[in-house]
Amino acid sequence: MTEQTFAERVSRWYEENARDLPWRKPGTSPWAILVSEVMLQQTPVVRVVPAWEAWLARWPVPAALAAESPADAIRMWGRLGYPRRAVRLYECAVALVERHAGEVPERLDQLLALPGVGTYTARAVAAFAYGQRHPVVDTNVRRVVARAVAGEPDAGPTTRPSDLVATEELLPVEPAAAALASAAFMELGAVVCTARSPRCAVCPVERVCAWRAAGQQAPTGPTRRPQRYAGTDRQVRGLLLAVLREATGPVARLRLDQVWADDVQRSRALAALVTDGLVEPVGEASYRLVGDGPAHLPI
DNA sequence: TAACCGTGGGG
DNA sequence: TCCCCAAGGTT
């Protein structure tokens, strides 16, 4: 009996222990999978689940979202964070209708050309929606590979081409098995090989883990630069957007002025929201979410 | 490339 | 309490 490969070990564990996440149900559409991947960018699974279900119930196909406005997308996004992703998803729906007959393309280069779709998301859709063989490298996979294969306590701060190569080398040849292995690597990193308190006692590759073998040296420090929030423009943007999200239609500038005392910073944040396509001025002294008005009349 | 882009929960 | 972290992308 030949020894199991790393991918086989993790895949077998995955088949027995995978979380029951709704977008993993057989028959989930490529669009639904794309939506899940965008929502999961920097937002924890538990908060994505209900938002994903509501989003797909309202917009089951790209054309349904494309027919509405960025404002609708921003409201539906709720408090998932980084609301630019909602606008990108709207733009994505428009692009799918205009360029791909309302479908999610299968080709990696076409996926990469979509708004808000980068190295990770494009490969995740190609693998999980279409069963293609691509390295799907997110923060979990980088950590798993860094530890189990390279013997390092943590991955580097950013995804590099070498990360894709290292992961690709672990994938089975057969595409469906490769896609399964990618999901399994991610799951292992999310549930067992976590950043702070890895649960090595229940790890399926504990006995072949290079990090374990090397004495499991502790992580040296934060993987990424510390992200402050309190007092930053990001906090002010969040406060402004929360007001606009709750409102229906335009909000007076005077009302927005009350969310933050510092005039300079508040104005800068509001201007940035306009630049980023989240907010637009209405008349002389009001603002609204982009497109937050009566639907366009047919020409 | 490093900084920027929200929000909330857990240790 | 505070800090870290979470299926990244864009500039």
Side-chain angles (χ1 to χ4, degrees), chain A residues 14 18-19 21-24 32-52 74 77-89 91-92 111-129 134-144 154-161 163-164 167 179 182-191 193-199 219-245 259 268-269 272-273 275-279:
Chain A
Y14 177 77
R19 291 168 294 176
L21 303 178
W23 44 85
R24 287 177 175 166
I33 289 175
L34 172 59
V35 172
S36 78
E37 294 301 344
V38 173
M39 286 185 168
L40 286 162
Q41 293 168 4
Q42 301 286 282
T43 301
V45 166
V46 287
R47 287 168 50 202
V48 166
V49 171
W52 180 82
I74 294 168
W77 195 254
R79 305 183 68 80
L80 290 183
Y82 294 147
R84 293 196 292 197
R85 291 182 292 162
V87 178
R88 302 263 171 64
L89 212 36
E91 293 169 348
C92 203
L111 287 165
L112 282 166
L114 296 171
V117 174
T119 304
Y120 162 76
T121 304
R123 287 171 176 77
V125 171
F128 303 145
H134 295 288
V136 181
V137 180
D138 73 335
T139 184
N140 291 308
V141 174
R142 292 196 304 116
R143 185 171 56 248
V144 166
D154 264 317
T158 60
T159 300
R160 298 168 172 288
D163 294 322
L164 296 188
T167 302
S182 291
F185 293 162
M186 291 173 64
E187 187 79 352
L188 187 68
V191 176
C193 195
T194 56
R196 276 185 285 187
S197 303
R199 303 168 56 206
T220 49
T223 303
R224 25 166 38 123
R225 287 279 171 283
Q227 280 198 75
R228 287 179 191 77
Y229 182 67
T232 63
D233 285 9
R234 261 182 24 258
Q235 181 183 16
V236 182
R237 289 167 59 117
L239 293 169
L240 290 169
L241 207 58
V243 172
L244 290 158
R245 212 163 40 212
V259 308
R268 186 174 62 222
L273 286 172
T275 299
D276 289 355
L278 292 156
V279 173

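Throughout, protein chains are lettered first and strands after them, A, B, ... in sequence-line order, and every chain is numbered starting at 1.
For the P atoms, the distance linking C/dC2 with B/dC5 amounts to 22 Å, nearest Å. Taking atom P on both C/dG9 and B/dG9, the two are 25 Å apart, rounded to the nearest angstrom. Between C/dC5 and B/dG6, the distance separating the two C1' atoms is 14 Å to the nearest Å. The separation of B/dA2 from C/dA7, taken at their C1' atoms, amounts to 22 Å, rounded to a whole angstrom. Taking atom P on both nucleotides, B/dA3 is separated from C/dC4 by 16 Å, rounded to a whole Å.
Here the closest non-hydrogen pair linking A/A190 and A/N140 is N-OD1, 3.4 Å.
Comparing A/G116 and A/N140, the nucleotide of DNA chain C nearest to each residue sits closer to the 5' end for A/N140. When each of A/V117 and A/S36 is assigned the nucleotide of DNA chain C bearing its nearest heavy atom, the one mapping closer to the 5' terminus is A/S36.
Summarising the geometry, the separation between CG on A/D276 and C1' on B/dG6 is reported as 13 Å, rounded to the nearest angstrom. Atom C1' of nucleotide B/dC5 and atom CG of A/L240 are separated by 15 Å, given to the nearest angstrom. Rounded to whole Å, atom C1' of B/dG6 lies 15 Å from atom CG of A/L40. When rounded to the nearest whole Å, the span between CG of A/D233 and P of B/dG6 equals 10 Å. What separates CZ of A/R19 from C1' of C/dA6 is a distance of 11 Å, to the nearest Å. Here the C1' atom of nucleotide B/dC5 and the CG atom of A/L278 are 10 Å apart, to the nearest Å. One can place CG of A/L89 at 16 Å from P of C/dG8, the figure rounded to the nearest angstrom. Remark: C1' of C/dC5 and CZ of A/R142 are 13 Å apart, rounded to the nearest angstrom.
A donor-acceptor contact closer than 3.5 angstrom is absent between the side chains of A/R123 and A/S182.
No more than 12 heavy atoms of other residues, nucleotides or ligands sit less than 6.0 Å from atom CZ of A/R160.
Partners of A/D233 by side-chain hydrogen bond (donor to acceptor under 3.5 Å, both in side chains), not counting sequence neighbours, listed by chain and number: A/Q265, A/R268. When the side-chain hydrogen bond (donor to acceptor under 3.5 Å, both in side chains) test is applied to A/T121, the partners found at least two apart in sequence or on another chain are A/Q41.
Considering only heavy atoms from C-beta on, A/V136 comes within 4.5 Å of A/Y120 through its side chain. In this structure, A/V38 and A/R88 have side chains that are not in contact, with every pair of non-hydrogen atoms separated by 4.5 Å or more.
At the heavy-atom level, A/L21 lies under 4.0 Å from base atoms of the strands shown. Counting any heavy atom pair closer than 4.0 Å across all strands shown, A/W23 reaches a base atom. Here A/R24 lies in heavy-atom contact (under 4.0 Å) with a base. Within the 4.0 angstrom heavy-atom criterion, no nucleotide atom of any strand lies near A/T158. A/A190 comes within 4.0 angstrom of sugar-phosphate atoms only, judged by non-hydrogen atoms across all strands, and of no base.
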Could you go through nucleotides 7-11 of chain B and list every protein N or O atom that sits under 3.5 Å from one of its N or O atoms, giving the distance for each pair?
unit_1, atom_1, unit_2, atom_2, d
B/dT7, OP2, A/Y229, OH, 3.4
B/dT7, O2, A/R47, NH1, 3.0
B/dG8, OP1, A/R79, NE, 2.4
B/dG8, OP2, A/R79, NH2, 3.2
B/dG8, O4', A/R47, NH1, 3.4

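Put simply, the side chain of A/W52 gets close to the backbone of A/A32: a donor and an acceptor are under 3.5 Å apart.
For the OP1/OP2 pair of C/dG8 and a distance below 4.0 Å, the side-chain nitrogens and oxygens of A/T119 include no atom meeting the criterion.
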